[in-house]
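First up is the structure itself, then whatever we jot down about it.
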Amino acid sequence: MSGPPPGAATLARQERARAPAHLGALDVVRVLTVGLVIAVHVLAQQPGGVTLSNGAPLIVLHVSREVFFLLTAFVLVYSRRDRAPSSWWAFWRRRYLLIGAPYVVWTAVYYAAGGGPLWPGSRALSGLARDLLTGGARYHLYFLLVTMQLYLVFPLLRRLLTATRGRHGWLLAAAAVYQAGCYTAVQRGSVPGLGDPSAYLPSYLGFVVAGGVAAWHAEALMRRTFERMWWVFAGCALAVAAGVGVFFVRASVLRQPPLVAGAVFQPVVVVESVAVAWAFLACGVAWQRRGAPGRRLVRSASDASFGVYLAHPLLLQGLLAVAAASGLAAVAQRQPGPLVTAAATAVVPLIYLACWVAVAVALRTPLSLPLTGRARRGTRQ
């Protein structure tokens, strides 16, 4: 006689046993991308607003969101490339717990930090509910909403990649055309009534498909990236130069405000994003091929990356408040723009380090899951 069906915990252990090997190169990509995220938020809020001095690097740093969606799709597809989950319901249950709990907690934190009323009442509940639905509690929480949408349609993405096996080149070309067309339409405002498209998966669908295709051919991609590493870096340099060039044309020739000239949704950012993501992957592959020095440190930073992403705007908000109260912000506004940008850039690693330490502590507490999206260290997942 056969025994009873395996329970959820047993199924989870079986799924982990069948999971593909960990790709250390992706740890490097994740750590570098979080650095870009912090940098873009610091420079965008430097005293004096967005000017030519910080607008030029911002058009490069903006690629952090697209690189994250490429990475998220890559990790999802790579982990399920060879075998679908035993139960999609179990897949969704686990994924939505890991991202949903931090989303709710951090939405409440940023709602309160933004001045939302904390006492029970219709005003507090309606404001918090609105932020939960839109990701509006803070400027970075849209990423979690888009990721939830990706989890929902992931079975369809996997089926698409399976059905187009052998024709992934055409699929990749279609994704590139779609993404460039999408960003062009948003830039021109030719999608009436859309508003800010940041929180919607279709805004990044081309990147999601590209990340999935890359994961499907991960081994070949890693090998060719290592063999053509300097071409990858050269291509990235050209793409970054093109992005900065487009910014200065729009700001200086077309006389657009720097904030508009360096906006995220424009076709050149699509090119930059792929180039930067590939260059980050090349860095990770090179690091791994050279014996992965400092492996434990890099893995620790990678494990903390989601928590750092969630927490860093709160620390930045506190620093900006201190700068305003002390008069430092007023002094900075009277300084040359490049000097202020350089000073703001120097703050980025400090914020990164402080959040990393805080997350490392949180990972060892019962609040690890709601604060960092990871189970408490030392417990079984």
Ring-plane angle category for F68 and Y309, please: parallel below 30°, perpendicular beyond 60°, tilted otherwise.
perpendicular
Pairwise distance CG(L145) to CG(L141) - rounded to 0.5 angstrom:
8.0 Å
Could you check V264 against V186 for side chain to side chain contact (heavy atoms under 4.5 Å, CB included), going step by step and ending with a plain yes or no?
CA-CA 10 Å; V264 175; V186 174; over 6 Å; no
Return the minimal non-hydrogen interatomic distance between L36 and S64, and the atom names on each side.
CB-CB, 3.7 Å
Scanning both residues in full, the closest heavy-atom pair of V359 with G307 reads CG2-C, 3.5 Å
Beyond-backbone contact of F265 with S198, side-chain heavy atoms, under 4.5 angstrom
yes
Considering only distance and modelled atom types, tabulate donor-acceptor pairs under 3.5 Å from the side chains of residues 276-289, sequence neighbours left out.
residue, atom, partner, partner atom, Å
W278, NE1, T225, OG1, 2.9
W287, NE1, P293, O, 2.8
Q288, OE1, A25, N, 3.3

Quick check: closest heavy atoms across C355 and A311, and the distance to 0.1 Å?
SG-C, 4.3 Å
Minimum-distance pair of heavy atoms, taken over all atoms of A275 and G235
CB-O, 4.3 Å
Measuring from L97:CG to R95:CZ, what's the distance to the nearest 0.5 Å?
11.5 Å
Scanning both residues in full, the closest heavy-atom pair of S326 with A323 reads OG-O, 3.3 Å
What distance do D303 atom CG and D27 atom CG have between them, rounded to the nearest 0.5 Å?
7.0 Å
Option among T345, V240, L43, V244 that satisfies the side chain to side chain contact (heavy atoms under 4.5 Å, CB included) test with P57
L43
Treat each ILVMFWY residue as a node, draw an edge where side-chain heavy atoms are under 4.5 Å apart, and state whether I59 and L259 are in one component.
yes
Below 4.5 Å, heavy atoms only, C-beta onward: do L201 and F69 meet side chain to side chain?
no
Are V109 and L128 co-members of a hydrophobic cluster defined by side-chain heavy atoms under 4.5 Å apart?
yes
When you group the ILVMFWY residues by side-chain heavy-atom contacts below 4.5 Å and let the links chain together, are V104 and Y110 in the same group?
yes
Member of E272, H62, R250, R188 meeting the side-chain hydrogen bond (donor to acceptor under 3.5 Å, both in side chains) criterion with Q266
R250
Measuring from atom CG of L150 to atom CD1 of I99, what distance do you get when rounded to the nearest 0.5 angstrom?
9.0 Å
Picking from L144, V34, L98, what satisfies side chain to side chain contact (heavy atoms under 4.5 Å, CB included) with F306?
L144
Side chains of R165 and T162 in contact at under 4.5 Å (non-hydrogen atoms):
yes
Kindly determine whether W106 and L314 satisfy side chain to side chain contact (heavy atoms under 4.5 Å, CB included), including the steps that lead there.
CA-CA 10 Å; W106 283 101; L314 188 63; 4.2 Å; yes
I'd like to know whether Y103 forms a side chain to side chain contact (heavy atoms under 4.5 Å, CB included) with L132, so could you lay out the CA-CA distance, the side-chain angles of the two residues, the decisive distance to 0.1 Å, and finally the verdict.
CA-CA 8 Å; Y103 179 70; L132 284 169; 4.0 Å; yes
Please examine the side chains of F247 and L52, heavy atoms only from C-beta on, and report whether any two atoms are closer than 4.5 Å.
yes
With a 4.5 Å cut-off on side-chain heavy atoms, are L152 and M148 touching?
no
Can I get a per-line list of side-chain donor-acceptor pairs under 3.5 Å for residues 166-181, giving both atom names and the distance, sequence neighbours left out?
residue, atom, partner, partner atom, Å
R167, NH2, A163, O, 3.1
H168, ND1, H217, NE2, 2.8
H168, NE2, L161, O, 2.8
H168, NE2, T164, OG1, 3.4
Y178, OH, P202, O, 2.5
Q179, OE1, G206, N, 2.8
Q179, OE1, F207, N, 3.3
Q179, NE2, S203, O, 2.7

Qualifying side chain to side chain donor-acceptor pair (under 3.5 Å) pairs, either residue in residues 38-54, two or more places apart
H41-H312, Q45-Y139, Q46-T341, T51-S53, T51-N54, S53-T341
Tell me, which pairs form a side chain to side chain donor-acceptor pair (under 3.5 Å) where one or both residues lie in residues 140-149, sequence neighbours left out?
R65-Y142
Does V63 belong to the same Ile/Leu/Val/Met/Phe/Trp/Tyr cluster as L32, with side-chain heavy atoms less than 4.5 Å apart forming each link?
yes
Would you call F154 and W92 a side-chain contact if the rule is heavy atoms closer than 4.5 Å?
no
V260, F248: one ILVMFWY side-chain cluster at the under-4.5 Å cut-off?
no
Between the main-chain N or O of S302 and the side-chain N or O of S305, is there a donor-acceptor pair closer than 3.5 Å?
yes
Reported CZ-to-CZ distance for the pair R223 and R228, which is rounded to 0.5 angstrom:
9.0 Å
Is the ring pair F74/Y78 parallel, tilted or perpendicular, if the boundaries are 30 and 60 degrees?
parallel
Could you check whether any side-chain heavy atom of L310 comes within less than 4.5 Å of a side-chain heavy atom of F143, counting everything from C-beta outward?
no
Side chain to side chain contact (heavy atoms under 4.5 Å, CB included) filter on V42, not counting sequence neighbours, yields I38, L316, A344, V348, I351
Side-chain donor or acceptor of R374 paired with backbone N/O of L363 under 3.5 Å:
no
Out of curiosity, Y151 OH to T72 OG1, how far, rounded to the nearest 0.5 Å?
7.0 Å
Listed partners of Q335 passing side-chain hydrogen bond (donor to acceptor under 3.5 Å, both in side chains), at least two apart
none
For V249, is there any backbone N or O sitting under 3.5 Å from a side-chain donor or acceptor partner on S252?
no
May I ask you to test the W230-F233 pair for a side-chain heavy-atom distance under 4.5 Å?
yes
All heavy atoms of Y111 vs all of G127, minimum pair found to be CE1-C, 3.6 Å
Report yes or no: does R364 contribute a side-chain atom to a donor-acceptor pair with the main-chain N or O of A360 at less than 3.5 Å?
yes
CH2 (W231) with more than 12 external heavy atoms under 6.0 Å
no
Flag, side chain of R158 to backbone of V77, donor-acceptor distance under 3.5 Å:
no
